[in-house]
Number of protein chains: 2
Amino acid sequence: MEPARRLSPMLERMWGREPAPRRGPRPRIDLATITAAAIEIADADGLAGVSMGSVASRVGVAATALYRYVGSKEDLLTSMADAVVPAPPEPGGRPWRDYLAQWTKAQRDIVLEHDWLLSISRFAPPLGPRRLLWLDRALAALDGTGLDDGEKINVASSLTGYALTDAALVHNAGSGFGEFDETDIGGVSDYGDLLAEVLDPETYPALSAAVRAGALGGVEGWVDDEDFRFGLGLLLDGVERLIARRASEGRTR
Amino acid sequence: MEPARRLSPMLERMWGREPAPRRGPRPRIDLATITAAAIEIADADGLAGVSMGSVASRVGVAATALYRYVGSKEDLLTSMADAVVPAPPEPGGRPWRDYLAQWTKAQRDIVLEHDWLLSISRFAPPLGPRRLLWLDRALAALDGTGLDDGEKINVASSLTGYALTDAALVHNAGSGFGEFDETDIGGVSDYGDLLAEVLDPETYPALSAAVRAGALGGVEGWVDDEDFRFGLGLLLDGVERLIARRASEGRTR
DNA sequence: CTGAAACTATGAACGTCATACACAGTAAGG
DNA sequence: CCTTACTGTGTATGACGTTCATAGTTTCAG
């Protein structure tokens with residue numbers, strides 16, 4: 001009566017579900033090895049350095065050998081995006097807010113350590129073992145808050161999204177914004193100066209006022225750890241309010 | 001006394017700052033035309049269809065002619081990411097919360113209409129004329145709330161980030177998650193079934209409980225408009241609380 | 001023990017693409 | 001008119017993802 005449901009070959013490999021081959025030469029490589037090699041390259045040379053050729057030669061096989069373990073380069077990137085993720089922090093009986101704060105910050109830091117994740121994350125619903133473990137821990141932390149499962153998942157999604165966007169901001173702020181070449185910077189030293197250069201106060205009244213007031217003095221100062229906690233606070237305050245509302249609903253009903 | 005600051009050639013073109021050529025043949029094309037053509041292709045065939053060749057032939061020139069207006073394909077993508085953005089909604093004297101809600105939703109809808117934006121957005125601080133207009137309106141909407149400029153910008157960033165991640169979720173939920181090929185789906189019809197197939201209840205206790213309870217029945221139902229408002233509500237509640245705090249600080253001090 | 005079957009890695013080949021460069025054509029200024 | 005500045009073209013190149021037929025290797029069946 002068990003319906004023989006079949007996952008995609010890629011998912012089966014990510015979950016270690018493929019049956020061991022019963023004939024032929026022993027595989028010299030492995031999805032895990034390939035993925036690890038790709039991650040090392042990406043960490044060192046950026047995502048641009050990750051080509052089927054470079055990954056293969058680091059593993060010690062021909063480029064085309066990878067296709068026995070990976071349907072396409074896209075598949076490889078998907079596998080990388082799951083494999084870089086370490087184990088989530090331990091709950092340790094803390095209140096949900098403390099845990100989720102750490103949980104979110106940890107996610108952001110992972111992205112910052114592997115900035116190439118920013119170019120991959122399509123934000124597909126997670127299907128890999130490591131990412132799902134994070135989701136599980138977030139749900140667990142929200143146990144007993146009175147939220148229903150759907151709400152818990154939404155909270156987790158929002159927090160993950162926030163971690164990602166903040167990481168993107170920090171990353172792009174640090175690396176010359178990627179908008180103009182360093183050789184072309186000339187006299188314009190930072191974001192604020194650049195905006196001042198370009199904005200017409202009539203069409204951009206509020207923004208140019210802020211620029212003039214120096215709110216954007218240096219980009220390094222614009223987005224930092226304090227700002228992360230700021231936005232995170234907004235979200236968590238919102239969650240807290242929702243939980244309170246659910247609690248009062250539960251009582252009065 | 002005016003220091004002759006120089007922007008990157010790309011930025012100058014995006015802001016229409018390049019001096020008109022005084023000699024030679026009249027340009028047959030234009031950064032705006034090129035960008036528009038690229039956007040049309042991306043809307044129709046996805047970002048994969050956008051190559052220097054395809055864009056050029058749609059404009060009616062040779063592929064290499066584009067390089068006179070665009071430093072690289074990257075530049076073209078940057079220009080596209082600014083040019084798709086329409087004008088922001090009109091404030092119309094509404095309270096900040098109403099306006100920002102519409103502002104954020106509008107951003108999400110833009111991304112949904114042009115899903116290729118998801119593959120571009122590096123989340124660089126905006127430097128194009130259209131995106132900066134959106135930022136300006138958000139700051140304007142927060143005038144009189146007692147927040148300082150930095151806080152306003154952070155709020156706007158958080159909201160933009162949320163719009164983007166939510167759009168990504170909706171998009172990926174609708175299109176078969178991009179995780180397994182349709183030919184490989186077999187019996188597994190949706191996200192919930194797939195997780196049920198793969199999760200071990202011992203290592204994923206909270207998540208598999210939620211799955212078993214049917215919280216993930218259908219992906220279409222998982223992420224939709226209501227969920228967008230949910231997450232948005234969390235953020236705006238947080239903002240509201242911050243504003244209230246600032247207001248009370250202002251009084252007592 | 002033998003041979004078929006199952007499986008692995010290889011190398012050559014293909015098509016696509018971004019980009020560099022030298023060149024031919026064209027408008028304006030002196 | 002001829003120089004100067006500028007525009008679009010054609011050719012070429014190198015990198016990359018992917019396909020395919022093939023040779024080599026291990027196990028199982030008889």
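None of these values were measured; they are calculated from a predicted model. The sequence lines fix the lettering, A, B, ..., with proteins before strands; numbering per chain opens at 1.
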List, with names and distances, any nitrogen or oxygen atoms from the protein found under 3.5 Å away from nitrogen or oxygen atoms belonging to nucleotides 11-17 of chain C.
unit_1, atom_1, unit_2, atom_2, d
C:dG11, O6, A:Thr64, OG1, 2.8

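Under the 4.0 Å criterion applied to side-chain N and carboxylate O atoms, B:Arg108 and B:Asp166 are assigned as salt-bridge partners. Here B:Asp75 does not pair with B:Arg13 in a salt bridge; the nearest charged N to carboxylate O distance is not below 4.0 Å.
The minimum heavy-atom distance linking A:Asp136 with B:Thr203 is given by the pair OD2-O, 4.2 Å. Annotation for A:Leu195 and B:Pro126: closest pair CD2-O, 4.5 Å, computed over non-hydrogen atoms. Looking at every heavy atom in both residues, A:His171 comes nearest to A:Asp115 through NE2-OD2, 3.0 Å. For B:Trp103 against B:Pro89, the heavy-atom pair with the smallest separation is CA-CG, 4.1 Å. Of all non-hydrogen atoms in A:Ala56 and A:Ala63, the two that sit nearest each other are CB-CA, 3.4 Å.
Following rounding to the nearest Å, A:Asp75 (CG) and D:dT18 (C1') show an atom-to-atom distance of 13 Å. Rounded to whole Å, the distance from CD on B:Glu18 to P on D:dA5 is 18 Å. A:Glu74 places its CD atom 12 Å from the P atom of D:dG17, with the value rounded to the nearest Å. Between the CG atom of A:Leu76 and the C1' atom of D:dC16 there is a distance of 14 Å, given to the nearest Å. Protein atom OH of A:Tyr67 is 21 Å distant from nucleotide atom P of D:dT22, rounded to whole Å.
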Practice prompt. Would you mind building the protein contact string for nucleotides 22-30 of chain C? One character per nucleotide, 5' to 3', B for base within reach (heavy atoms under 4.0 Å), S for sugar-phosphate only, - for untouched.
Written response: ---BBBSS-

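A donor-acceptor pair under 3.5 Å links the side-chain atoms of A:Ser157 to the main chain of A:Ile153, judged by distance alone.
An OP1 or OP2 oxygen of D:dG8 is reached within less than 4.0 angstrom by a side-chain nitrogen or oxygen of B:Tyr69.
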